Every structure is written in structure tokens, then in C-alpha cells.
2 protein chains.
Amino acid sequence: MNENMDLERTTDKNDPPTMKEIARLAGVSMGTVDRVLHHRGRVSAENIAKIEAIVAERGYRPNVFASRLSGGVGVRTIGVLMPRLDQDFNYWNQVWSGMAKAARELEPFQISVLCEQFDRNNPSDCVRAFRLLETNGMQALAIPPIHSQIMRPLAETLDPLIPLVFFDADMQCNRHRCFVGQDPWQGGVLAAKLLGLTLEPGRPVVLVRFKDDDEHLQKRSEGFEVFAKASGRAVLILEQSLSDPPERRRSDMSLFLARNPSIGGMFVPNSSVGEYAQAGLGRRVVGYDLIPGNVAALREGRLDFLLSQRPETMGYESVRLLSRFLLFRESLPDRTRIPLDVVLKENLEEHLVGVTS
Amino acid sequence: MNENMDLERTTDKNDPPTMKEIARLAGVSMGTVDRVLHHRGRVSAENIAKIEAIVAERGYRPNVFASRLSGGVGVRTIGVLMPRLDQDFNYWNQVWSGMAKAARELEPFQISVLCEQFDRNNPSDCVRAFRLLETNGMQALAIPPIHSQIMRPLAETLDPLIPLVFFDADMQCNRHRCFVGQDPWQGGVLAAKLLGLTLEPGRPVVLVRFKDDDEHLQKRSEGFEVFAKASGRAVLILEQSLSDPPERRRSDMSLFLARNPSIGGMFVPNSSVGEYAQAGLGRRVVGYDLIPGNVAALREGRLDFLLSQRPETMGYESVRLLSRFLLFRESLPDRTRIPLDVVLKENLEEHLVGVTS
DNA sequence: GAATGATGCGTTAACGCACACACTTTACGC
DNA sequence: GCGTAAAGTGTGTGCGTTAACGCATCATTC
């Protein structure tokens, strides 16, 4: 046999192996390696095992440049399920703007982001949107798990090879997925702390509780109530329904405050805080989300604190994680935490033109 | 002549032309086009003109993927100038950790990040580090413009083709560059607001002012003073020097507070706030940066608020911007704002494992 | 007038991957 | 026993760019 060591390229054992290298180590051809990597089938179980072992051991990662150049892959699609962007006071639009930024950056890599919207108030509509994405054949998926009873079975029957991200809120489900978002309970705690710091000890506070909203919001309310009470502050509760018209809410609050004049502050655990700000004038007001109405209220001093979950960052990060999977088969973390931001009039502007907008 | 329209690939007149296409139009070979594009010489003036005209007219842009795959380009280096990572209470280490994350992500794209450290207390040392980077041949540069008198001439004589990012602080200079960071003045304002919200109107506050530190810190102090006074609150000033030992500082503060018992709160405009926290016990304390000592103080209740400039995000974003330039010749924005974060004990943990760590 | 060098230009082999295609082997029916 | 299908595998080509290489054509020199 011809000794050709000197012709052999100097492939360092620990620099990125190529498909050819994997094929050599497994004693098969590149074609077989390719079929294993792309789950195309038509490979013996024995070879699949062998190749996968070598791939794992040597840490094979496809070369993006070669992969894209070959053109064979075509456009990969990241599917995103979203409530209609204008719902929840335009909140979803902010999430989408982060995703759209990621999409622009990913365009040269032929990764596209397909956003399918559904009516947040119509649980069955999200089934339609989900099916639509499936039909369009996406290779990765990001969804906000609202309507958990509907979403859970959909998520659990999803092809296990498709990476899944939950954003905004988390949901238990027996399938591997990544959560990108923040801890709602801790948000409530933080709100209580802010009121505690800025009010005299004796003054009670009012918590606006939405009976009909999701688990995520309930957690915020609970965190608030528990922390406030633990620090010796009375919490009065005003029950509200999201379906009530704004005027109704405003008058409810005005009435409530008139009946309880000692109340020093108010916490509204969602973006509708702007609706109550006018009624709360002269008291501390803490709410959620940098939606236009709330931003205006903060600028004009009708609000004191807004907590933010950085919707743009959340969207950007969700798409970014999925793209890393599609490009490099990087596995998803179990969770990516989005920090809880405290926004005042004085740091508002810097948050509005934040890093991912 | 043979009519071969059906063999001709359907090249849309307005989708990205390839080198081959340019060569065909110019009636030369790809080799000649290559020599023109890379200014390698050995081409007739006539052909250079012809090819350059076609390139301009058809808007030719090299295909990044083919370019990188061919290996001709080799590894691109982003140079980073940094104070020794352990200086400023480990602050720079946090910035670097964001950059290191970006570096890991960029590795498959054959972009490496080279970090050169200098002694922050020795202005001339940063010249050495700068020259070292130049010698190692970097194609992009990120620097924190401390020692502006030294840095400015270095930056201004830098090859104008090399994209430049200032991070942490900004600096005027007559060369195009991008600033990644936050507005220091506004940080001071925010600190004053937080003290204002949590203290009775009559109580004065103390501002620790460091005479010998940079412009960036002076701005924070100014913002604080101006805003606090404008909202009718007395500001007492304790002058300090960064070179004083911690014990000295602590006793200075204790003495100062003993002499002015009505003081309700304290602002330290840099990461050394931990040094003063013990002395300030029982009063509101606002400081800067999530360095280990301050984090511990916040957890244990010796500090109330920490402002953060998201050092990891800052580092990550700086490197990310430069990489987009190197990969796709995307132009740098003039500025990327890093939001001012307000961190309390209650949202500390979520900030520590933030999105870019 | 032959040897030498400089100049201008075309050809071609990588680069790593994706996929169409062709080929071999085994399984099964008649 | 032959034909046919299916399963499993290898080969070859192309993607657009880079850069080494080779071949001409001149101008210069002894």
C-alpha cells in the first residue's frame, strides 16, 4: 500500500471536521453521511448509529458557507404564531418588531420568518393558524402559549424534530422546548417593592385583578399581594374584567378610590394600566408594558413606574435561538430569562430606542 | 449563430449578478474580473475601466458564502482594546463576557475576536496595546475611549477603511465611528429621581464626587446634581479620590454623615458604591454596576438601587455590529443606545443571568 | 537574434455541502 | 430461475469565489 502521509492534509484532530472526514471515520461515503444528517432514511440502522456517534464525538457542525452556497437547502422557515399584532394594546407588535429585526439579519442565510396571526379572543382560531403554519412547512416554531388547553395538545403532537420556543409565558408540556421570557410572580413582587419604597408604611394599595385573564397575569397579582402583605401593607382588591369598556373601568376605579381615600398607590398587572392612570392621579401608579398609551402617561407624569418585559428582546432572542438551531444544530437552552425592567420617565427614552429595535 | 435561449439560465436582469456574469458582459475571463475586484494589477487600463463600469452598473456584490468558502479570505479579526479585565472592580470582565459570547457565535463565520488589555492607570500602556493590535492586523476595532487625549489621535490616524466602535463612553473625534453605550447625564438624573421618590422632600442627599475620574463620571454627577436641585432637594458633596484606600473612604463617609445627620440618601456614580454602603446603613443608597461586591450588598439590603449599563449587552452588541460589517459590509449606525437599567433586590437575579450572558 | 523579464489574460482546482443519479445487494413473487 | 422491487450505498456535479498556474505577447538586454 502506498504510504501517502505527506499528501494527507494536516487535519488537526480538534478543528472542525468536515462531512468527508466524518465519512472517512465511519468508513462510508459522503452520500451516506448526508442521508443521516438530513434524516432522509435509506440508511442501515447500524450506519446511522455509527455516524451519529462520530458526529457527536467529533462535534461536527455543518459549514454554513458551503451549505448555503450549494443552494440545495433552499429557504428555511421559522414559523411564529402570534395574536393579532394590534391586540393587547399593540403589545404583540413590539414582540414582532424584535423578530423582524432578527429576520432581516437572517435573510442572507436564507432563513425566513413566517408570522401567522390569530384572534386572541377566539381560542379555536389559533388552531387554524397553527395548521396553516404546518401546511406551509416550517422547520422551527415559536409560540406564546396562551389558551394553554388548546396549545398544549398542538405542541405535544408536533414533530419532535422541530425545535420549539415558548415566548412571553411558559407552559408545562411533555415535549422538549425552550422558554424565553420572565418570571411573572417576581414582577408582581417588584411592583409591590416599588410601591413600598415610595409610600408611607400606613397607606394601603389597590391591586386591579382580572378574573378572566390567563395564568401568567394571575401570577403577577399573586406575587404582588404576597409580597405587599408580607411587608405589612394592606392590599385592597378591585376586580375587573378585560371585556369591560374603558369608561366603565375608569369610573369603577374612581369610585373605588373615593370610597377608600387612604389608598396611596395602585398596581395594574397588565398593559391596560393607562386606562386607570387618570383616576389614580395624585397616587403612585405602577403598571406593565411600554405600549404607546402607557408611554404617554409616563411622559406626562400620570404614571410612575412601568415594568417591561422587553418585548423586542424577547422576540429577537426567540428567533435568534431557533436560527442557531437551524444553522448549526445548536441545541436550545431550557430557558432564556428576560430581565425585569423598571422604567421611569427618566429612563424611558433610552428604553424606547433599545438595543433590539 | 446557434440560438440557445433555452439553454441559457434564466438570469433575471435585476437579481445579483455573479462574477461569471460580469466576465461574460465584459468579454473577459473570471480571472481578469477577479484581478480588477481585488486590485491585483496586471490588467489593462481599458479592461479595468470596462469591468468597473459594469460592476457599478449591475450592482455586483460578491457572494459572501462563496467568498468565505473558497478560503481565500481567511480569518477576519475584530480587535478589542480593554482595560485589564480585573480593573474597575471586574467591570470590564462583564463587558468581555458579552463579547466572548458574540465571539463564540461568530466562530463558524471565521471571525475571531482579539482582546488586548492595558493598565487603566497607565495611559501610555494603551498606546502599546493599540500598536499591538495594529501589528496583528485586525480588520475592525472596538475601544472604550478612556484617556481621551491619548485615544483620540490614535483613533483619528487609524486606517479609515477599518470600522470603529466606541463602547462604554463616547468621545468626539473627526472620523466616522459608532458609539455603543448610554447617556451618563441621564443616569445621574435617574439616580436623583429614585432618591426623590423614596425620601421625604426635606431630606438632603449626598453625592460622592470623584475629582480625578473621567468625563463620563463627571456627567453622571452633574446630571444628578442638576436634577436633584431642580426638584428642590439639597445636595451635599463629598469629594473623594479613587486612589484612596477603602478604609479611608468608609471613614470619610461615616464622618460626613455624622456631621450631617439629616442626610436621607446617597449617590455614588460608579461601581465603588459598595465601599460606602456600610456607612450609609439606614439611608437610601444608589450606585452603579452589578459587580460582585455591589450585588452582595444589594442582596443583603445594604444597597437600595443599582443602575446598570448592561455591560454584557454592550460588549455583545459592539462585536455584533462590527461582525455585520465584516460579513456583509453593513454600515455602522452612529449610535446604539444601551438602556439604563434600574436594579433592585427583587429583580436582581433575572438581571444576573440576563439575555446575553 | 536569442535569452530574459514584464505584462496581460485564461484555465482550473480547491473550498464543503446538497442532491440527483447510478449502482449493488438482498427479498420476494411467480 | 428470472424479473422486479426495495433498501442501502457510492459517484459526480454544481454553487461563486479565490488564487495558483500556465501560456502568450511584447519590450529590453547582451
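In this text the structure is predicted, and so the values were computed from the model without any measurement. Only heavy atoms go into these numbers, but all of them, side chains included; no hydrogens, no water, no symmetry mates. Per chain, numbering begins at 1; letters A, B, ... match sequence-line order.
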Practice task
Sugar-phosphate means primed atoms, P, OP1 and OP2; the rest is base. With that split, encode nucleotides 7-13 of chain C 5' to 3' as B, S or - using protein heavy atoms under 4.0 Å.
Solution key: BBBBB--
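When the options B:Arg177, B:Arg335, B:Arg337 are evaluated for a salt bridge (charged side-chain N to carboxylate O under 4.0 Å, His left out) with B:Asp170, the one that passes is B:Arg177.
Nucleic acid contact for A:Met19: sugar-phosphate only, since backbone atoms but no base atoms lie under 4.0 Å from a heavy atom of the residue. Within the 4.0 angstrom heavy-atom criterion, base atoms lie near A:Asp34.
Applying the 6.0 Å contact sphere to CZ of B:Arg61 captures no more than 12 heavy atoms from other residues, nucleotides or ligands. Within a 6.0 Å sphere centred on CZ of A:Arg175, other residues, nucleotides and ligands contribute more than 12 heavy atoms.
In this structure, the CD1 atom of A:Ile22 is 16 Å from the C1' atom of C:dA18, given to the nearest Å. Look at NE2 on A:His38: it is 16 Å from P on C:dG16, rounded to the nearest Å. Here C:dC15 presents its P atom at 18 Å from CG of B:Asn63, a figure rounded to the nearest Å. In this structure, CD of A:Gln110 is placed 12 Å from P of C:dA18, rounded to the nearest angstrom. Summarising the geometry, the separation between CD1 on A:Ile48 and P on D:dG8 is reported as 8 Å, rounded to the nearest angstrom. When rounded to the nearest whole Å, the span between CD of A:Glu21 and P of C:dC15 equals 13 Å. Rounded to a whole Å, the NZ atom of A:Lys50 is 13 Å from the C1' atom of D:dG8. Between A:Phe328 atom CZ and C:dG16 atom P there is a gap of 15 Å when expressed in whole angstrom units.
Remark on the helix from C:dG1-D:dC30 to C:dC30-D:dG1: inter-end axis angle 60°, axes from five-pair C1' superpositions, rounded to 10°.
Between the side chain of A:Glu156 and the main chain of A:Leu154, no donor-acceptor pair closer than 3.5 Å is present.
The closest side-chain heavy-atom distance from A:Arg68 to A:Gln110 is below 4.5 Å.
Between A:Arg310 and A:Glu317 there is no salt bridge, since no side-chain N of the basic residue sits under 4.0 Å from a carboxylate O of the acidic one. Using a 4.0 Å cut-off between charged side-chain N and carboxylate O, B:Arg104 and B:Glu107 make no salt bridge.
Checking B:Glu105 against B:Tyr316 by side-chain atom types alone, a donor-acceptor pair falls below 3.5 Å.
The aromatic rings of B:Phe109 and A:Phe109 sit tilted, their planes meeting at an angle between 30° and 60°.
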